[in-house]
K.L.:
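Shown below is the structure under consideration.
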Amino acid sequence: MTKIYEKYSLKELNSFKVDVYTDYYVAPKSLADIREVISDNKYEDIPKLILGGGSNMLFTGNFKGLIIHPQIIGISIESDTENYVIVKVGAAVIWDVFVNWSVEHNYGGIENLSLIPGTVGASPVQNIGAYGVEVKDTIYEVHAIKMDTGKHRIFNNEECKFNYRESIFKNKLKNQYLITHVYFKLSKKANFKLEYGNIQKELNNFEEVNLKTIRQAVINIRESKLPDPEITPNAGSFFKNPVVTNDKFQKLIKQFPDIANYPIDKDNVKLAAGWLIDHLGWKGEIFGRAGVHKNQALVLVNMGDAKGEEIIGLANKIRMSVLNSFGIDLNFEVNVY
Ligand code: EPU
C-alpha cells in the first residue's frame, strides 16, 4: 500500500517556494500504485492535482484535496532507425536530465530546450518552448492513465492539440489524465535551429556548432537572464506572450516604434509581454515580498516568504497597467491554485 500523507508541506515541491500544505499527498512509484490510489473510495470526491516539478504553478492557499506526485522514471530507446530514434521517458524524469542524455547520445531536437525547469511528464501539458523550438516538435506519443477509470490511453501528437503553451491536457482534459510516459522522436541527423535571438551570437564563442555547444550556448543565455529558482524562487515566465491582430499592431507600432514583435501570419502578430512590462518601468520593482526580476520583466520572483496572494497581487497590478497603456489583457502562463 502506497503511503498517503496528511497535512503535507508543499514548500519544497513548488519552485515559488510558497509555504502551504495539502490535505493529502501521495508519491506513487509504479502504474499499479497509481491505479491503487485513484481507485481508493476515500479520495473519490475530493479535488485531485497531479504534480510534476512544481515549476509552473502558484499556490494561493492550502490545497484542499489529494496531490498525486508520480515517481515514474527511466529512459529507454524503443526503436532505432537510420535517421531517428524513438525514446520512452518516465514522467518523473527531470526535463534537463533528459535533454542532457539526448545531447550526450547525439540525438537532436531538444537541445534548444536546455535548462527549462520541471519534469518530462509536464512538458507536453504546457508545450514548453524556448529559442524557436517547442516540445511538440519532437513528441511522438503521450501515454496516460484516465483518473476516473484507471484505463491506459495513448495520445498521438495530433491528439494532444498542441498550441503555443497549450495542449488538450491543460484545457479540455485538464486533470483528467495522469501522464506516465512521453515518447520522443529525436533526430540522428544534424538539423539545428539557430535563428532565434542571440543564439548565433553566443555560439561565436565556441569553435564548433554541435548539440553540446548549442546546449551550452542556451544555458549561458538563460543563466544571464533568468533567475535560478534554487536561489530566487520563481516559475519562469509568469505571463504568456499575447497575440494581437495586425490592425491593432499597426496602431501600436505607430505609437511605440521599437515594440518587440513576431509576425505569426498575415492577420496576427505575437508581442513580447516582457517588452510591454519593461516599457512601463516594472523591471526590478518590488512590492512587499514579491518582485519583478531585474533582467527579465516576464518573470516574477519570491523575495522571501511571499504568500501566493502577494505574488498574484503584483501580477494583477502589472496586468492592469499593461491593459491601461496598451489595451492588451495579458494571460497568466503559470497555473494558479
Ligand atoms: N524584452 C524586453 N524586456 C524584458 C524582457 C524582454 O525588452 O524585460 C524584449 C527582448 O529584448 C526581446 C523580446 O522582449 O526583444 C523577447 O524577449 P526574450 O527573447 O527574452 O523572450 P520572451 O518572449 O520574453 C519567451 C519565453 C521564455 C523563453 C524565451 C526564449 C514565453 C512566455 N516565454 O520569453 O520561456 O525562455 O522566449 O525563447 O513564451 C518560460 O516559459 O517560462 C520561459 C522562460
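Please read these numbers as outputs of a predicted model, since none were measured by experiment. Residue indices begin at 1 and follow the sequence shown. All ligand and atom numbering here is 1-based and tracks the order in the structure.
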K.L.:
Which atoms of ligand 1 have any heavy atom of Ala297 under 4.0 Å away?
P.N.:
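So the answer, numbered in order with elements, is 4 (C), 8 (O).
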K.L.:
Using distance alone, with no hydrogens and no angle criterion, decide if Asn210 and Glu208 have a side-chain donor and acceptor under 3.5 Å apart.
P.N.:
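A pair is found: one side chain offers a donor N or O, the other an acceptor, under 3.5 Å apart.
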K.L.:
Is it the case that Lys185 places NZ or CZ above or below the six-membered ring of Tyr84, under 6.0 angstrom from the centre and within 45 degrees of the axis?
P.N.:
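Yes, a cation-pi geometry.
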K.L.:
Just jot down the ligand 1 atoms closer than 4.0 angstrom to any heavy atom of Arg222, in number order.
P.N.:
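Those qualifying, in numeric order: 36 (O).
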K.L.:
Can you say whether the rings of Tyr107 and His105 are parallel (under 30°), tilted (30 to 60°) or perpendicular (over 60°)?
P.N.:
parallel
K.L.:
Closer than 4.0 angstrom, basic N to acidic O: yes or no for Lys136 and Glu134?
P.N.:
yes
K.L.:
In terms of residue, atom name and distance, what is the protein heavy atom nearest to atom 24 (O) of ligand 1?
P.N.:
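The closest one turns out to be Gln296 NE2, 3.1 Å.
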K.L.:
Specify whether the nearest protein heavy atom to atom 11 (O) of ligand 1 is under 4.0 angstrom away.
P.N.:
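Not a single protein heavy atom is under 4.0 Å away.
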K.L.:
Identify the closest protein heavy atom to atom 20 (O) of ligand 1: which residue and atom is it, and at what distance?
P.N.:
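Nearest protein contact, heavy atoms only, for atom 20 (O) of ligand 1 is Lys225 NZ, 3.1 Å.
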K.L.:
Atom NZ of residue position Lys317 - does it have more than 12 heavy atoms of other residues, nucleotides or ligands inside 6.0 Å?
P.N.:
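For Lys317, atom NZ is not crowded (no more than 12 foreign heavy atoms under 6.0 Å).
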K.L.:
Thinking salt bridges, do Lys212 and Glu104 make one under a 4.0 Å N-O criterion?
P.N.:
yes
K.L.:
Nearest protein heavy atom to atom 14 (O) of ligand 1, by residue and atom, and its distance?
P.N.:
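That would be Ala272 CB, 3.2 Å.
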K.L.:
Whether the Asn112 and Lys193 side chains hold a donor-acceptor pair (N or O, under 3.5 Å, no angle test) is what I'd like checked.
P.N.:
no
K.L.:
Which protein heavy atom lies closest to atom 34 (O) of ligand 1, and at what distance to 0.1 Å?
P.N.:
Leu298 CD1, 3.9 Å
K.L.:
Go through the side-chain N and O atoms of Asn56 and Gln126 and say whether any donor and acceptor fall under 3.5 Å apart.
P.N.:
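Yes, Gln126 and Asn56 have a side-chain donor paired with an acceptor closer than 3.5 Å.
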K.L.:
Taking only residues two or more places apart in sequence or in another chain, which ones pass side-chain contact (heavy atoms from CB on, under 4.5 Å) with Ser321?
P.N.:
Leu280, Trp282
K.L.:
Just by distance, no angles: are the side chains of Asn220 and Glu202 close enough, under 3.5 Å, to form a donor-acceptor pair?
P.N.:
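Looking only at side-chain atoms, Glu202 and Asn220 do form a donor-acceptor pair, the distance falling under 3.5 Å.
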K.L.:
Pick whichever of Tyr131, Tyr196, Tyr262, Phe239 has a heavy atom sitting closest to atom 21 (O) of ligand 1.
P.N.:
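Result: the heavy atom closest to atom 21 (O) of ligand 1 is in Tyr196.
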K.L.:
Considering only protein heavy atoms, determine whether one is less than 4.0 Å from atom 26 (C) of ligand 1.
P.N.:
yes
K.L.:
Give a yes/no verdict on whether any heavy atom in Gln126 is under 4.0 Å from an atom of ligand 1.
P.N.:
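Not so, Gln126 does not reach ligand 1.
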K.L.:
Starting from atom 35 (O) of ligand 1, which protein heavy atom do you reach first, and at what distance in Å?
P.N.:
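In this structure, atom 35 (O) of ligand 1 has Arg165 NH2, 3.1 Å as its nearest protein heavy atom.
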K.L.:
Give the numbers and elements of all ligand 1 atoms closer than 4.0 Å to a heavy atom of Ala130.
P.N.:
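Near Ala130, meaning under 4.0 Å from one of its heavy atoms, ligand 1 has 36 (O), 38 (O).
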K.L.:
Is there a polar contact between ligand 1 and Asn295, counting only N or O atoms under 3.5 Å apart?
P.N.:
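Checking ligand 1 against Asn295, no N or O pair falls under 3.5 Å apart.
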K.L.:
Should you measure from each heavy atom of Gly236, which atoms of ligand 1 turn up under 4.0 Å away?
P.N.:
42 (O)
K.L.:
Please list the nearest protein heavy atom to atom 23 (O) of ligand 1 with its residue and the distance rounded to 0.1 Å.
P.N.:
Asn241 ND2, 2.9 Å
K.L.:
In terms of residue, atom name and distance, what is the protein heavy atom nearest to atom 33 (N) of ligand 1?
P.N.:
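Among all protein heavy atoms, the one nearest atom 33 (N) of ligand 1 is Ser237 OG, 3.0 Å.
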K.L.:
What residue and heavy atom of the protein are closest to atom 3 (N) of ligand 1, and at what distance?
P.N.:
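Answer, as residue, atom name and distance: Asp278 OD2, 2.7 Å.
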K.L.:
One residue to check: Ala260. Relative to ligand 1, which of side chain, backbone, both or neither has a non-hydrogen atom less than 4.0 Å away?
P.N.:
side chain
K.L.:
Nearest non-hydrogen atom to atom 39 (O) of ligand 1 belongs to which of Tyr164, Trp275, Phe238?
P.N.:
Tyr164
K.L.:
I'd like to know if Asp148 pairs up with Lys146 as an ion pair, taking the criterion as any Lys NZ or Arg NE/NH1/NH2 lying under 4.0 Å from an Asp or Glu carboxylate oxygen.
P.N.:
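Looking at Asp148 and Lys146, the cut-off is met.
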K.L.:
Kindly state each residue pair satisfying salt bridge (Lys or Arg N to Asp or Glu O under 4.0 Å) with at least one member in residues 165-175, sequence neighbours excluded.
P.N.:
Arg165-Glu333, Glu166-Lys240
K.L.:
Under 4.0 Å, heavy-atom basis, I'd like to know which part of His279 is in contact with ligand 1: side chain, backbone, both or neither.
P.N.:
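Answer for His279: neither.
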